[in-house]
Each structure stands twice: as structure tokens, then as C-alpha cells.
Amino acid sequence: MTQTAPGTVPAPVPLERVTHWIDGKAFAGVTERTAPVYDPALGTVRTEVPLASVDEVDQAVASAAAAFASWRNSSLTKRTQVLFAFRELVNQHKQELAELITAEHGKVVSDALGEVTRGLEVVEFACGIPHLLKGGYSEGVSTNVDVYSIRQPVGVCAVISPFNFPVMVPMWFVPIAIAAGNAVVLKPSEKDPSASLLVARLWEQAGLPAGVFNVVHGDKVAVDRLLEHPDVKAVSFVGSTPIARYVYETGTRNGKRVQALGGAKNHMVVLPDADLDLAADAAVNAGFGSAGERCMAISALVVVEPVADDLVARIRERIAGLKIGDGRRSCDMGPLVTREHRDRVASYLDAGVEAGAELVVDGRKVQVDGDESGFWLGPSLLDRVSPEMSVYTDEIFGPVLSVVRVGSYDEALKLVNSNPYGNGTAIFTNDGGAARRYQNEVEVGMVGVNVPIPVPMAYYSFGGWKDSLFGDSHAHGAEGVHFFTRGKVVTSRWLDPSHGGINLGFPENV
Ligand code: NAD
């Protein structure tokens, strides 16, 4: 394990060409199509990723389908052993994974380590698969007749993931799918594809048979093929809302079960009785951690007057103390993922000001501890934002925190509930009754009470409401196990053959 000393940059992770991983082997691909992968803190191309053709996707699916035939019949003991070994290997390679994430995503290494740790929690949950797959059994429902339920794997499962958590988001799905006896084809984001290859090698070292876990890199061509391939039975998608809706509609039209998690616009409501220092810390941590590129980031701070002036002052003070720079140095916040994304996010600052908001902190003026060509945008704070402004209506997915001032709890609740997204939200208050009312009334899937980023533990399920999730299964926890299995009920009779006889009537229980 290497540790980064403050202010120094470790040797870069070796620049290898990114390959697919099919049937237990690295596969360079034959397609001519590739995409650049950047190091966002340097602003340079660090490698390139092949974009799979339909044929290449078909090879991965064929490998998964062949592996499924025997993996589904491997014992729970064998599967659990592989899961435990994988858990140990990921733990041992945590730092390496985190450095790969930082090199391509840009988030600071400590944050990337946190991402791997949260992913590991799902692996640990999946280690309990024998218990999670236990069915029900009713003895003697009729004379000599027993009924029992079992859950069986669905087959080849596709996982399509976004750029912002290249290790954790695939781990929301893959360990549970594999533990339940499925085979997987992962299509990672083309913006930060390398970590998925290291994960594939760790699965192999853990003893997973070739073909049970495959990686194909690509863009719309690969996604569309996965959505239409007859051997793909289930699709887990995480990304922006327009693509999530498209994946859900296309996948279900093709007869697949689909869970498609979309974008977010998370509100943090601050009531006047809240501890304002706690609220200011939370707003800064949840607004600017990972440069705001988290689906659970706080983007709209809804402050119930008369505390907005005070809270804005405390947030501004904290922003001034943040260190922005190369994630391999001891910084709090890194760059954005690409130049185009940085420019798009920055454009919202002008749009906000033109629409009448007050730019309290302008992240374009930030001093960075990093290469000047990096995709930098510092934390930005817009006050007096109103609900019709684009800075409020759009998912910005960057380090821009908007303060919306309201007069009452009811006004705050109405604002949150009229938003089309419903991923995460938080309320800061010292009034237990108000918090309880909020948890009951808010139309959002994940709620924090004095907790800014309420990402559920692996044994609960992760997912939003409304335009933040298409489908009816959330990720991991009991819903994840349910998604990756299908139920079967067996009615059996073991009796003396002398009890036979002809009866064409509908079976009745006696
Ligand atoms: P994205 O929608 O651009 O890409 C997600 C995946 O879809 C990638 O693998 C990409 O290759 C693929 N894709 C992109 N365009 C496509 C198209 N036209 N057809 C088919 N496939 C396509 O998202 P992103 O920029 O990588 O990630 C950021 C988004 O993900 C944000 O909107 C964020 O809120 C969301 N997100 C949501 C959650 C959640 O749990 N709800 C978690 C993480 C990220």
C-alpha cells in the first residue's frame, strides 16, 4: 500500500491501454472506435478506451450465458467462498483502486477510498447470500402435500454504470447478482473505465469461473445491444434521467426486467431552530465533496427565514478554508471530470446572475494546487435563487450550491415535493416533531435527519422516487436480492401409490 505524503504526487498509475474483459481474459477489441480517457487534474489524455461493436458485446453475452449454465448450479458454499475471497482482495487493493479512480475521475484519494469502502459493504452483504436466499416451507398443506418457495437466478444480467462512482456503483449490483448465481456483463462509463479491469482481475483471483463476470467498454452502441440482446434477462442502469428513462423503456419493451436509477436535485431544508454550524458543515461537505459530482450531493439549500443571512455567512467562511487541487495531493476537492463538463457547470454561474441570483462565492476565481490545464472549478455559492431559474431547475452535477430562501416549513416542503426528482434530501432541525413530519410527507426515496448524504447501508436498499428511478426495484438490500432472482413455488406430494386415482376436478386441499 502506498500512502501519499501531503503536497507530493506519487508515481502515476501505469498508462496501459484499457481492454475489455471477456471470458476471463483481457481482450483488446477489434473495433476501430475509441474514446480518450483524461486525467482531469492534468487536463491530459492518459489513455484511450475501446468502444465495443455489436459483435464484441455479443461475445461477452455469449461468454456470460455459457458460464451461467454451470455457475447457477454451483453450491452456495462455493459461491460464498468466492465472495469472501473477493472481499479480501478488494480490501487489499483498496489504495490501488482509489488511485485509479482519482487518476480518471479526479476526486481526491481519500474520497475515492471512501467510495471503495462503501462498495465493499455490498460485497460483505452479498457474503450472506445463503441466508438471503432461504425460501419458505409449509409442511402438510394438504394430506401428504408440502409447498415450498425458492428463488433462482435470472440469467445474464447487464450492469451499465455512470462516471461518478466507477467502483461503488457497479458494486451495488455485481456482487449480489453473482452471489445469487447469475452471470454479469458490466458496461462501465467510458470516462473512467480502468478500475473495472482491476476489479475483473480480482474476481478472477478470487476463483470466479471465467465468463461469470465480463466487462465491455463502449457507448450507445454497446448499451443498445445489451438492451436488445435476447440472452440478457435483467438490466441495472445508473446515470442521468433522460438515459435512465430510455434504458427502462427500451429494456422493458424487449422483455427484460430493468431497474434504472436516474439523476437528482437534492434539497437540504434548514429550519430556523437548527444548529447552524452543523448545517453549514453539512452543506459544504454534501455540496462540494467530489466536486458536487454525486447523485446524493446537496444542490439546493432551502433555508427557512430568518436564518439565511447567518447560514450563508457561515458557509462562505468554510468555503474559504477549502483546498482545491490535484486529488493525489492533500486537497479537499479535485477537478471536474472533463473540460466540457467543467464549462457547462461554470456556465450556470452566469445564468444564475443574469436571472437575478447573488453570486456569493465565484469558483472560477479559485486558486488551485494543481496543473493549470486541469478541469478546475472551485466551490460556488449562489444566494437568493428562485425556483424558475435554470440553476435551480437543472441537475448541474458540479460544485454549485444554490440557496433558496423560504418563509415557512410548508413552503419548503412544497418546493421539494414539486421537484421532478426525488433521490435524496435532508432536514436540519432540533425539532423531532418537524423532522418526523418531514420524513413522512416528503416525496423522496432517501431522507437524512441532520445527516447530509443519507446513502443507505448495503442491507437497506438505495434508490430514489419520481424521475430519479424507473422501475420498482431499488439497488442492493432485500430489493437487490429480489431483482436478481425469480421466485418459484413447488407443491410436492410424497405418498403411498395406493392413494392414487383419477380426479379431473381442480385440486382441492384436504
Ligand atoms: P450518463 O447518463 O451520461 O451515462 C451513464 C451510462 O449511460 C454510461 O455508461 C454511458 O456510457 C451510457 N450512455 C450515455 N449516453 C447514452 C445513450 N445516449 N444511450 C445509451 N447509453 C448511454 O451519466 P453520467 O454523466 O455518466 O453520470 C452522471 C449522472 O448519473 C447524473 O445524472 C447523476 O445524478 C446520475 N447518477 C445517479 C445515481 C443514482 O443513484 N440515482 C448514482 C450515480 C449517478
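Quick note: numbers below take in every heavy atom, side chains included, and nothing from hydrogens, waters or symmetry partners. As the structure lists them, so they are numbered: ligands from 1, and atoms in each ligand from 1.
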Next item on the list: For Arg405, enumerate each residue passing the salt bridge (charged side-chain N to carboxylate O under 4.0 Å, His left out) test, keeping only those at least two apart in sequence or located in another chain.
Entry: Glu305, Asp309, Asp383
Item checked: salt bridge (charged side-chain N to carboxylate O under 4.0 Å, His left out) partners of Glu228, counting only residues at least two apart ->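 For Glu228 the salt bridge (charged side-chain N to carboxylate O under 4.0 Å, His left out) partners, ignoring immediate neighbours, are Arg225.
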Item checked: Check against ring-ring contact (aromatic ring centres under 6.0 Å, His included), Trp21 and Phe27 -> CA-CA 6 Å; Trp21 182 266; Phe27 171 62; over 10 Å; no
State whether the number of non-hydrogen atoms from other residues, nucleotides or ligands found under 6.0 Å of [X] atom [atom1] is greater than 12.
X      : atom1 : result
Asp394 : CG    : yes
Arg486 : CZ    : no
Arg436 : CZ    : no

Checklist line | Within reach of ligand 1, part of Glu190 (heavy-atom separation under 4.0 Å) | finding: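 Glu190 to ligand 1: side-chain contact only, backbone stays beyond 4.0 Å.
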Notebook entry, point to check: Under a 4.0 Å heavy-atom limit, does Asn423 contact ligand 1 with its side chain, its backbone, both, or neither?
Noted result: side chain
Notebook entry, point to check: Which class fits the ring pair Phe173 and Phe484: parallel under 30°, tilted 30 to 60°, perpendicular over 60°?
Noted result: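 Taking Phe484 first and then Phe173, their aromatic rings stand perpendicular (interplane angle over 60°).
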Write out the residue and atom name of the closest protein heavy atom to [atom], then the distance separating them to 0.1 Å.
atom                    : answer
atom 19 (N) of ligand 1 : Lys220 CG, 3.4 Å
atom 42 (C) of ligand 1 : Cys295 SG, 2.9 Å
atom 34 (O) of ligand 1 : Glu395 OE2, 2.5 Å
atom 44 (C) of ligand 1 : Asn164 OD1, 3.3 Å
atom 2 (O) of ligand 1  : Ser240 OG, 2.6 Å
atom 24 (P) of ligand 1 : Phe163 CD2, 3.6 Å
atom 27 (O) of ligand 1 : Pro162 CB, 3.3 Å
atom 7 (O) of ligand 1  : Phe237 CE1, 3.3 Å

Taking the minimum heavy-atom distance to [atom], which of [options] ranks first?
atom                    : options                        : answer
atom 21 (N) of ligand 1 : Leu51, Asp219, Val223          : Val223
atom 33 (C) of ligand 1 : Phe397, Trp172, Tyr246         : Phe397
atom 5 (C) of ligand 1  : Ile243, Ile160, Val238, Ile396 : Val238
atom 8 (C) of ligand 1  : Gly445, Gly424, Ser161, Gly239 : Ser161

Note to self: Tyr438 vs Thr429, test: side-chain contact (heavy atoms from CB on, under 4.5 Å). Steps then yes/no.
What the structure shows: CA-CA 11 Å; Tyr438 189 70; Thr429 177; over 6 Å; no
Checklist line | Min heavy-atom dist Gly262 to ligand 1 below 4.0 Å | finding: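 Contact check Gly262 vs ligand 1: positive.
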Check: Where do Gln439 and Ile427 land on the side-chain contact (heavy atoms from CB on, under 4.5 Å) test, with the steps shown first?
Finding: CA-CA 9 Å; Gln439 123 199 336; Ile427 185 164; over 6 Å; no
Run the numbers for me: atoms of ligand 1, each under 4.0 Å from some heavy atom of [X], listed by number.
X      : value
Lys187 : 8 (C), 9 (O), 10 (C), 11 (O)
Ala264 : 34 (O)
Phe462 : 40 (O)
Gly263 : 32 (O), 34 (O)

Next item on the list: Show the numbers, then the answer: is there a ring-ring contact (aromatic ring centres under 6.0 Å, His included) between His476 and Phe125?
Entry: CA-CA 9 Å; His476 60 69; Phe125 171 72; 7.4 Å; no
Checklist line | side-chain contact (heavy atoms from CB on, under 4.5 Å) between Val235 and Ile160, intermediate numbers included | finding: CA-CA 8 Å; Val235 178; Ile160 301 159; 4.0 Å; yes
Check: With ring centroids as reference points, do Phe375 and Tyr38 lie under 6.0 angstrom apart?
Finding: yes
